[in-house]
Amino acid sequence: MILEGKHIVLGVTGGIAAYKAVELCSSLIKAGAEVQVVMTPAAVHFVGPLTFQTLTARPVSIDTFQLLRDTDMAHISLSAWADVLVIAPATANTIAKLVHGIADNLLLSTALACPAPLVVAPAMDADMYAHPSTQANLRVLAERGATIVGPDEGRLASGRIGRGRLVNTSELLAAIRATLGRQGALAGTHVLVTAGGTREPLDPVRHLGNRSSGKMGYALAEAARDMGAKVTLVHANTQLPAICGIEMLAVETATEMHQAVLERVPHTDLLIMAAAVADYRPVQRAEHKIKKDADDLTLQLERTLDILQAVADQRTASGNPGFVVGFAAETQDLIANAQVKLAKKRLDLMVANDVSGSDSGFEVGQNRVILLQPDGKQEVLSLMPKSEAAEHILARVVELWRRA
Ligand code: PMT
């Protein structure tokens, strides 16, 4: 939702990757943003302005003087209109000119006058990218606060393999979202989110696990990043792609997750435990694959450490995390069971999800949750995409945290 209604100036420069800006433009429009495309004169050799004009329902800006005659979208008004200026792809030439304040086309003069944050996605030949001038120029832009995204390594237009490819659209979108959210309600905070389901090994090929996909935790991590937080995501056994702009830390077992979380607690302002952590693990892990010799097999299990309980104890001493959110996945007596966990684990907010149905909870893309506060207040959220549920949860967290 962070892109909805946002004014995005999309600068397209003259490189073979210019055609990929079409997909970015279309994705931004689909996400509800208003997009004004500014092309450099070189870019129009690679992709037709009509394509962007059709997608955005706005005339594409190319020539400063043409513009001044035809519309009021001169570089100054474009700069003032923008919530963010995105240059994708950005050639080595444009990057160098941005550094030196050269304004010899409409995109560059817009950039020079633009107070909005800048996202630069370099795309060029690998040698041009590796050249010390380009490297130094990118460092300068980053030092000035620009978000530099990519480039990726892979097959280049020349047929060579190297670093210089424009990053994919989802990474560009993530960078734009994160840049827009830089001054958000969680700016300056460290947020630690856990996601996925831990696995407790029985032997080298088998484990005890659960159905958590990680979707809920990933949505929370992304939403926290979009609100300006520095986010670490401790994820267990998920198949989801890494999230741009977030520190990703993979673990497998409850013990590994316990260790990863406890190590980071002293530097964490907000902890959100969305992971489904095993409560029991096999007492013994067989060294070799267990054979089916016997008719039945009894497994002896022992309790794992409760991470939230340990956080509560450590928190008393250090004060961090300032706010702790737990999740409760229940198939019966949802509120009563979740309230017991809220109190026992000394949480600031409990997110209770009924996982008995097939349309919410584990694996699926949406969730139906109830937010429980320590003072007994409850907030029922209807079935909604996990991304939206994450935004609701974080909005409530910010409100309660500020009040505390
Ligand atoms: O990953 P998805 O497919 O998107 O599914 C999301 C989800 C259903 C897994 C998620 O929304 C959820 O409910 N996560 C918590 C599931 C769970 O394990 O609940 P619990 O009631 O067993 O645990 C209560 C809380 O204690 C949880 O915050 C859990 O992370 C934490 N816990 C549990 C065990 C343990 N040893 N240490 C813990 O800290």
Side-chain angles (χ1 to χ4, degrees), residues 192-200 208-223 233-240 243 251-262 264-265 268 270-281 301-315 321 323-372 381 383-390 392-394 397:
L192 179 60
V193 182
T194 65
T198 61
R199 286 180 182 171
E200 309 306 317
L208 295 179
N210 61 68
R211 285 172 36 218
S212 171
S213 63
K215 285 178 188 166
M216 191 64 243
Y218 275 57
L220 284 155
E222 226 169 355
L233 179 61
V234 178
H235 55 101
N237 311 300
T238 59
Q239 303 297 317
L240 303 170
I243 312 176
V251 297
E252 188 174 347
T253 63
T255 306
E256 286 173 17
M257 184 167 279
H258 178 269
Q259 197 180 336
V261 170
L262 269 283
R264 283 161 183 78
V265 151
T268 298
L270 165 62
L271 170 66
I272 307 177
M273 284 287 298
V277 187
D279 292 321
Y280 292 91
R281 64 168 167 244
L301 305 178
E302 64 186 1
R303 284 294 305 269
T304 56
L305 289 167
D306 191 295
I307 302 170
L308 279 174
Q309 206 74 62
V311 169
D313 297 339
Q314 186 164 325
R315 192 182 178 192
F323 203 94
V324 180
V325 181
F327 271 71
E330 307 292 342
T331 54
Q332 56 185 359
D333 301 328
L334 176 65
I335 306 281
N337 284 330
Q339 266 164 344
V340 169
K341 290 176 186 171
L342 168 75
K344 200 159 166 247
K345 298 179 190 234
R346 287 174 272 162
L347 303 173
D348 299 299
L349 186 69
M350 174 56 103
V351 183
N353 32 196
D354 183 346
V355 292
S356 57
S358 58
D359 62 348
S360 72
F362 287 97
E363 292 172 317
V364 291
Q366 60 283 340
N367 213 355
R368 185 187 287 111
V369 299
I370 300 173
L371 309 188
L372 304 177
L381 302 184
L383 185 68
M384 61 180 75
K386 283 179 176 169
S387 54
E388 266 176 50
H392 277 281
I393 293 165
L394 286 177
V397 166

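Whatever order the structure lists ligands and atoms in, that order sets their numbers, starting from 1. Given the structure is predicted, the values throughout are model-derived calculations rather than measurements. When a residue number appears, it is its place in the shown sequence, counting from 1.
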So is [X] polar-close to ligand 1, meaning N/O to N/O under 3.5 Å?
{"X": "Ile307", "result": "yes"}
{"X": "Ala276", "result": "no"}
{"X": "Leu308", "result": "yes"}
{"X": "Met216", "result": "yes"}
{"X": "Gly196", "result": "no"}

Would you say the side chain of [Y] lies within less than 4.5 Å of the side chain of [X], judging by non-hydrogen atoms?
{"X": "Val325", "Y": "Asp348", "value": "no"}
{"X": "Lys345", "Y": "Gln309", "value": "yes"}
{"X": "Arg346", "Y": "Asp313", "value": "yes"}

Nearest neighbour of [atom] from the list [options], on a heavy-atom basis:
{"atom": "atom 11 (O) of ligand 1", "options": "Ile272, Asn367, Asn353", "value": "Asn353"}
{"atom": "atom 16 (C) of ligand 1", "options": "Gly361, Ala329, Ser212", "value": "Ala329"}
{"atom": "atom 28 (O) of ligand 1", "options": "Met273, Lys341, Lys386", "value": "Met273"}
{"atom": "atom 29 (C) of ligand 1", "options": "Gly217, Ala275, Ala219", "value": "Ala275"}

(message) Checking side-chain polar atoms at under 3.5 Å, does Ser356 have a donor or acceptor matched by the opposite partner on Asp354?
(response)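 Result is yes, a qualifying pair exists.
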(request) Distance to 0.1 Å, residue and atom name: give those for the protein heavy atom nearest to atom 27 (C) of ligand 1. (result)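 Here the closest protein heavy atom is Phe327 O, 2.9 Å.
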(request) Report the nearest protein non-hydrogen atom to atom 14 (N) of ligand 1: residue, atom name, distance rounded to 0.1 Å. (result)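 Answer for atom 14 (N) of ligand 1: Ala274 O, 2.9 Å.
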Which bit of [X] gets closer than 4.0 Å to ligand 1, counting heavy atoms only: side chain, backbone, both or neither?
{"X": "Ala195", "answer": "neither"}
{"X": "Lys215", "answer": "both"}
{"X": "Ala254", "answer": "neither"}
{"X": "Lys345", "answer": "side chain"}

So is [X] close enough to ligand 1, meaning a heavy atom under 4.0 angstrom away?
{"X": "Ala310", "value": "no"}
{"X": "Leu305", "value": "yes"}
{"X": "His258", "value": "no"}

(request) Give a yes or no answer on whether the side chain of Asn353 reaches the backbone of Ala328 with a donor-acceptor pair at less than 3.5 Å. (result)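 Confirmed, Asn353 side chain pairs with Ala328 backbone.
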(message) Within the supplied structure, the quantity of interest is the number of heavy atoms (other residues, nucleotides, ligands) at a distance under 6.0 Å from Glu302 CD; does it exceed 12?
(response)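 More than 12 heavy atoms, drawn from other residues, nucleotides or ligands, come within 6.0 Å of this atom.
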(message) I'd like to check which ligand 1 atoms, numbered from 1 as shown, lie under 4.0 Å from a non-hydrogen atom of Asp279.
(response)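 Within the 4.0 Å cut-off of Asp279, ligand 1 contributes 34 (C).
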(request) Please identify which atoms of ligand 1 are closer than 4.0 Å to at least one heavy atom of Thr304. (result)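 Per the distance check, 36 (N).
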(request) Pick out which of Thr304, Thr198, Thr255 makes a side-chain hydrogen bond (donor to acceptor under 3.5 Å, both in side chains) with Arg281. (result)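 Only one of Thr304, Thr198, Thr255 forms a side-chain hydrogen bond (donor to acceptor under 3.5 Å, both in side chains) with Arg281, namely Thr255.
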